[in-house]
Amino acid sequence: MHRHFIFLFTFLFLGIMLYPSVSFAKEDLTEEEILQQRMSYYVQFDELLIPWHFLAAIDQYERNLQSVRKDIPKREGYLAIQFSDEYWSGALNPVKEDTSPETISYFGGMGLDGNHDGIASPKDDEDVIFSMASYLGKFGTTDEDFKLALWEYYGSEEAVNQVFTISTLYRHFKTIELDAHTFPLNIRSDYSYRGTWGANRGWGGRRIHEGTDIFASYGTPVLSTSFGIVEVKGWNQFGGWRIGIRDNHNSYHYYAHLGSYHKEIEVGTIVKPGTVLGYVGSSGYGKEGTSGKFPPHLHYGIYKFNGKTEWAFDPYPSLLQWERQAKNQKQ
């Protein structure tokens, strides 16, 4: 009886100690270790010829949405990909949270058993990534096949473009570790700025200032703050000669009032933090070529796409952080 009590106590104690460690294992890992774990899920479908960057891009896009949308719950686990009950189990399945591969298949659900444990669970990372890889495999493995699969899945041209941009960046840089940033001007140059978010702007109608102005001399090089792809280049009556760059976090970085562009920058150019985009000027507030209506400066703005709309947010706190990081790196 005494031995039985000791055994039962030991079992309960280990259970109490073990399960919290499993539940919080992800929180105990470093960011690098988490990224490595995610990568291990993406690359396991080489035999199916599914490019890893396709899966990684969808996962990152879903993570981006969950970080800014209150109506989308954050998925637990290493992966952010999540399916609706109807999509996973089948629209006509009476058991909305069904995990039986047989009945899910019978009702036309998408959920699959990826680790062969007899259960197809949307809470299991292996089942989720296998289900998405299988879905993509039905369309093919080319870029155009991928775009078609994205269109069928999301039904949104904006979503297709966002995910494909992320995929292109991952393929080009051969990594998902693309979170580094830098200040948009060389910190050794002579510049000044302050937070002016929301200030009134009168030219072209009543509007607010959606960014931060960084004042510097004509010709000061303007640097990309992030990894990304040049999405827009050309004249805007408000921003003059401007460049727009899309990154892997559904963010659009806007650089305006340039005096000129760097000769190697075109729409579709892939950039990284520190890439020279152009040079400070005072263009804008009029027809193409208008310049000199205000002191030379860079207008820098960031816009976030949340799956439905794109909205601006104040870049000033980020600029302070990136400036501090850049200064520390120079020391």
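No more than 12 heavy-atom neighbours from other residues, nucleotides or ligands sit within 6.0 angstrom of CG on D190. Heavy-atom contacts from other residues, nucleotides or ligands closer than 6.0 Å to CD of E97 number 12 or fewer. When the shell of 6.0 Å around NZ of K96 is examined, it contains more than 12 heavy atoms from other residues, nucleotides or ligands. Within 6.0 Å of the NZ atom in K272, the count of heavy atoms belonging to other residues, nucleotides or ligands does not exceed 12.
Annotation: Y300 is in aromatic contact with Y255 [ring centroid separation under 6.0 Å]. In this structure, Y193 has its ring center under 6.0 Å from that of F183.
Side chain to side chain, D98 and T103 meet the donor-acceptor criterion of an N or O pair below 3.5 Å. For the residue pair Y78 and Q36, no side-chain donor N or O sits within less than 3.5 Å of a side-chain acceptor on the partner.
Hydrophobic cluster membership for Y252: V232, Y254, Y303 (Ile, Leu, Val, Met, Phe, Trp, Tyr linked by side-chain heavy atoms under 4.5 Å, directly or transitively).
Closest of all the heavy-atom pairs between I270 and F173 is CG2-CE1, 3.6 Å. Shortest non-hydrogen contact noted between T212 and T196 is CA-OG1, 4.3 Å. Listed here is the closest heavy atom pair of L298 and P184: CD2-CB, 3.8 Å. When all heavy atoms are compared, the tightest approach of F227 to L178 is CD1-O, 3.5 Å. When all heavy atoms are compared, the tightest approach of T220 to L185 is CG2-CD2, 4.1 Å.
Ring geometry, Y135 versus Y153: the interplanar angle falls from 30° to 60°, so the pair is classed tilted. Using a 30° and 60° split on the angle between ring planes, H181 and H253 fall in the tilted class, from 30° to 60°.
Here D143 pairs with R171 in a salt bridge; the nearest charged N to carboxylate O distance falls below 4.0 Å. A salt bridge is defined here as a Lys NZ or Arg NE, NH1 or NH2 lying under 4.0 Å from an Asp or Glu carboxylate O, and E158 with R246 fails to meet this definition. Using a 4.0 Å cut-off between charged nitrogen and carboxylate oxygen, D59 and R75 do not count as a salt-bridge pair. Taking 4.0 Å as the cut-off between side-chain N and carboxylate O, E266 and K233 count as a salt-bridged pair.
Atoms CD1 and CG, on I166 and N250 in that order, are 5.0 Å from each other to the nearest 0.5 Å. Put simply, OG1 on T142 and CG on L148 are 9.0 Å apart, with the number rounded to the nearest 0.5 Å.
Pairs engaging residues 30-56 under the ring-ring contact (aromatic ring centres under 6.0 Å, His included) rule: F54-F146 [sequence neighbours left out].
Tested against H257 for a ring pair (Phe, Tyr, Trp, His ring centres under 6.0 Å), the candidates Y218, F294, W241, F238 yield a single pass: F294.
A search for salt bridge (charged side-chain N to carboxylate O under 4.0 Å, His left out) contacts involving E144 returns K147, not counting sequence neighbours.
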